[in-house]
Amino acid sequence: MTNAQIADTLELLADLLEFQGANPFRVRSYRNGARTIRDHAESIESIVAADPRRLLDIEGVGDSVADKCVSLVQTGRLEQLEALQAEVPESVVKLLRVPGVGPKKAATLHKELGIRSLAELEQACRDGRVRSVRGFGAKTEEAILRNVVFAEKAELRILWADADRVAVDMLAHMRSSPVVRRAEMAGSYRRGRDTVGDLDLLVVAADREAAMDHLAHAPRVRETLARGETKMSVRLDSGLQLDLRAVPAESFGAALQYFTGSKAHNVELRGRAKDRGLKINEYGVFRGDEPIAGAEENEVYAAIGLPWFPPELREARREFEWADAGRLPKLIEPADIRGDLHMHTTATDGRATVEQMVEAASRLGYEYIAVTDHSRRVTMARGLDPARLRAQWKAIDRLRGRRSDGPAILKGVECDILEKGGMDLPDDVLAEADWVLASIHYGQRQSRAQITERVLEAIEHPHVNAIAHPTGRLLQRREAYEIDLDAVFQAAARHSKILEVNANPARLDLDDIQCAAACRHGIPIVINTDAHGPEGLDDMRYGVTQARRAGLTRDDVLNTRPWKQVERILARGH
DNA sequence: GCCGTTTTCGGCCCGACTGTTTTCAGTCG
């Protein structure tokens, strides 16, 4: 059982308990436990196998959660959960997903009207039965009817790259108002999370009412959900919710810090403020009633004796430990990247020729690129057999001869790891390449053990340099395949092989925790775009953000180095 | 339910907003 599955189970338990009106702190404990287990780098399964008492070393895991982990790993079941499920129909939990409906209202609706599902809730609203319940009125009924569609969409989180377009637009709109003095996005968008659930916009305005009016008239705003003196929520055309907060100038930094989060980061920060006899909230840092910081974010951190943290690090993982040791990493930046080692051309499923890709890379100022078209097994993309691959390499040789400037062009290939194991191209062909990526496109439904075995074999292959998209995980879709990453890390470290962070914004092969774990194993990371056209090369910054969230520095990432150095590192793997 | 160690019991963030209510509970972030 994976950590994510254990976390999901604990979340469900928390939902059911909350619905039953259990102690809210108990509910929160389960949610905290679920979160830390989801984030934990080591698998719970292996901890249970080695020594279950070590579970208690995990922050937020006590006797109760530890017992539940053991039960889940050993039997796949949880008695308490099954008992709860017998009492509460699971579909009822979905009522909690309707914005404005919390555990109390959901329980009342279930008890008074016998509502068991979203469909029944919607019908009851249409029939006007909901407004007859004490504590509910016509407005609540209308709000539920309006919001029930968002509950049905499960969880509306959009890719960071898509949120970015909206955020840039909305910021520009707000800054165009003459009454707006400052405007910034906060929240998970600012932290660079791979997906974004809503946007948090902070403004300092000479006239708050006018600023809110200005927001209400933005082209992307579909409806206003709530509007008070300092706070306003709107629904955008994409369905995304945007929350605006108008704050005084002297509180802007504190508000930016507070609303950027994460929640766990802020909890830690508050605790540290308390230890120093200070209080911190969205208005500032206070000693007693006296404000001592608030206008700028770095002043807020400084008041608590901490350095300013890049937003990508604010997840309460290692950042405080690093700050305490005076070793906050200097995170990698997009400008550090010197080359891109994964891209396709018209030879297979790319939309541009080698020449066009070289031109685009030249404009980005890259020192080198690798052309890595698919191997023959990827028939849908007209993958290359040895003859066509060698022909492409010959053409690259000629191109190299014609060009005196621009990036060095490396003869590469993205060679498939076959279903039955082994590489899709013969060793003598791979031996001629400057750069070999190995990746899985077929047989993704095999067992975890089988997939892992195939990847391990590729790692041991003398001519393979790196594993491309090592987990095949795509955001907003089910995981492509399951793989034992612990084993992959150990093998990659042993054989000096490289793992790719794929910069495609819809991919999350190695999340920040896994990426950081790979780094701790001493495995070089390469950030590649896997571009299928010239514009695809611009995705590099998404991969860099992912690496920043993992706390990676320039030194951790292979393609921040000159090619001569990269070659020396590749030689170790042979 | 978890945590701590000047607490093994008593905290656990708390302010803004809405709706229903006639003084406040529920929800959200």
Side-chain angles (χ1 to χ4, degrees), chain A residues 10-11 13-14 17-37 55-69 80 95-109 130-144 146-147 150-151 186-191 196-202 208 212 224-234 241-247 251 254-255 257-275 277-286:
Chain A
L10 291 174
E11 294 269 13
L13 190 60
L17 283 169
E18 186 172 41
F19 183 81
Q20 282 207 325
N23 179 344
F25 295 110
R26 192 173 155 221
V27 174
R28 189 194 293 173
S29 287
Y30 283 124
R31 296 233 159 91
N32 280 341
R35 176 189 174 272
T36 44
I37 284 168
L55 290 171
L56 298 173
D57 297 339
I58 304 172
E59 180 99 9
V61 174
D63 293 330
S64 174
V65 171
D67 282 349
K68 289 178 174 65
C69 288
Q80 189 191 357
L95 301 182
L96 297 174
R97 295 203 197 137
V98 180
V101 177
K104 294 274 162 48
K105 282 193 176 141
T108 306
L109 290 166
V130 167
R131 69 179 70 188
S132 68
V133 180
R134 186 179 161 75
F136 292 76
K139 285 209 170 174
T140 310
E141 208 170 71
E142 286 162 24
I144 291 174
R146 246 192 346 266
N147 288 332
F150 297 106
S188 56
Y189 166 73
R190 183 163 180 246
R191 299 202 309 281
V196 173
D198 62 10
L199 291 174
D200 296 290
L201 174 61
L202 298 180
R208 287 194 302 223
M212 288 191 192
T224 297
L225 301 171
R227 178 168 172 168
E229 266 180 57
T230 62
K231 218 183 120 174
M232 176 169 170
S233 295
V234 297
Q241 184 174 325
L242 179 143
D243 297 327
L244 171 87
R245 286 180 177 81
V247 301
S251 296
Q257 192 291 314
Y258 182 89
F259 290 109
T260 296
S262 67
K263 206 170 170 178
H265 177 90
N266 286 356
V267 167
E268 173 72 23
L269 197 65
R270 256 195 311 278
R272 285 171 178 246
K274 211 168 160 185
D275 292 344
L278 302 172
K279 195 180 81 162
I280 177 170
N281 58 28
E282 62 262 54
Y283 299 106
V285 183
F286 298 87

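Per chain, numbering begins at 1; letters A, B, ... match sequence-line order.
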For this session: Can you sort out the partners of A/Arg272 under salt bridge (Lys or Arg N to Asp or Glu O under 4.0 Å), two or more places apart, ordered by chain and number?
Result: A/Glu268, A/Asp324

For this session: Remember a base hit wins even if backbone is also touched, and classify A/Arg28 as base, sugar-phosphate or nothing at under 4.0 Å, heavy atoms.
Result: sugar-phosphate

For this session: For A/Gln80 and for A/Val267, find the nucleotide of DNA chain B with the closest heavy atom, then tell me which residue's nucleotide is more 5'.
Result: A/Gln80

Exercise. NA contact type, A/Asp63, heavy-atom cut-off 4.0 Å: base, sugar-phosphate, or nothing?
Worked result: sugar-phosphate

For this session: Could you tell me whether A/Val98 contacts a base, only the sugar-phosphate backbone, or nothing, with contacts defined as non-hydrogen atoms closer than 4.0 Å?
Result: sugar-phosphate

Exercise. Given the P atoms of B/dG11 and B/dT7, what is the spacing between them in whole Å?
Worked result: 14 Å

Exercise. Which distance, rounded to the nearest 0.5 Å, do you find between the CZ of A/Arg35 and the CG of A/Leu10?
Worked result: 14.0 Å

Exercise. If you round to the nearest 0.5 Å, how far is NZ of A/Lys231 from CZ of A/Arg208?
Worked result: 14.0 Å

Problem set entry | B/dT6, syn or anti by chi within 90 degrees of zero | anti

Check residues 133-143 of chain A and write down every donor-acceptor pair under 3.5 Å in which the side-chain atom is one partner and the other belongs to a residue at least two apart or another chain.
residue  : atom : partner  : partner atom : Å
A/Glu141 : OE1  : A/Arg131 : NE           : 2.9
A/Glu141 : OE1  : A/Arg131 : NH2          : 2.8
A/Glu141 : OE2  : A/Val130 : N            : 3.2
A/Glu141 : OE2  : A/Arg131 : N            : 2.8

For this session: In whole angstrom, give me the gap between the P atoms of B/dC14 and B/dT20.
Result: 29 Å

For this session: Have a look at A/Tyr283 and say if it touches a base, only the backbone sugar-phosphate, or nothing, with a 4.0 Å heavy-atom cut-off.
Result: sugar-phosphate

Problem set entry | Along DNA chain B, first and last positions that approach a heavy atom of chain A under 4.0 Å | B/dG1 to B/dG29

Using distance only, find each side-chain donor-acceptor pair of residues 61-68 of chain A under 3.5 Å and give its atom names and separation, not counting sequence neighbours.
residue : atom : partner : partner atom : Å
A/Ser64 : OG   : A/Tyr30 : OH           : 3.4
A/Ser64 : OG   : A/Lys68 : NZ           : 2.9
A/Lys68 : NZ   : A/Tyr30 : OH           : 3.2
A/Lys68 : NZ   : A/Gln80 : OE1          : 3.1

Problem set entry | Sugar-phosphate only, base, or nothing, as touched by A/Val101 at under 4.0 Å among non-hydrogen atoms | sugar-phosphate

Exercise. Base, sugar-phosphate, or nothing: which does A/Pro24 touch, judged by heavy atoms less than 4.0 Å apart?
Worked result: nothing

Exercise. When the C1' atoms of B/dG29 and B/dT22 are considered, how many whole Å apart are they?
Worked result: 28 Å

For this session: Drop me the distance from A/Asn147's CG to A/Arg97's CZ, to the nearest 0.5 angstrom.
Result: 14.5 Å

For this session: Select base, sugar-phosphate, or nothing to describe what A/Phe259 touches, counting heavy atoms under 4.0 Å on all strands.
Result: nothing

Exercise. With rounding to whole Å, what would you report as the distance between B/dC28 and B/dC13 at their C1' atoms?
Worked result: 13 Å

For this session: Once you apply the 3.5 Å cut-off to both distances, tell me the Watson-Crick or G-U wobble partner of B/dT8, or none.
Result: none

For this session: Find which nucleotide of DNA chain B each of A/Lys279 and A/Ser64 is nearest to by heavy atoms, and output the residue with the more 5' nucleotide.
Result: A/Ser64

Seminar exercise, completed: A/Asn266 meets the side chain to side chain contact (heavy atoms under 4.5 Å, CB included) criterion, sequence neighbours left out, with A/Gln257, A/Tyr258, A/Arg270

For this session: For A/Ala138, answer base if it contacts any base atom (sugar-phosphate contacts may also be present), sugar-phosphate if it contacts only those atoms, and nothing otherwise; contact means non-hydrogen atoms under 4.0 Å.
Result: sugar-phosphate

Problem set entry | Pairwise P distance for B/dA16 and B/dT23, with rounding to whole Å | 23 Å

Problem set entry | Pairing residues for A/Arg31 by the salt bridge (Lys or Arg N to Asp or Glu O under 4.0 Å) criterion, not counting sequence neighbours | A/Glu11, A/Asp15, A/Glu18

For this session: In whole angstrom, give me the gap between the C1' atoms of B/dG1 and B/dT8.
Result: 15 Å

Exercise. Expressed in whole Å, how much space separates the C1' atoms belonging to B/dG10 and B/dG15?
Worked result: 23 Å

Exercise. Given the C1' atoms of B/dT21 and B/dC17, what is the spacing between them in whole Å?
Worked result: 16 Å

Exercise. With a 4.0 Å cut-off on heavy atoms, is A/Thr230 in touch with a base, just the backbone sugar-phosphate, or nothing at all?
Worked result: sugar-phosphate

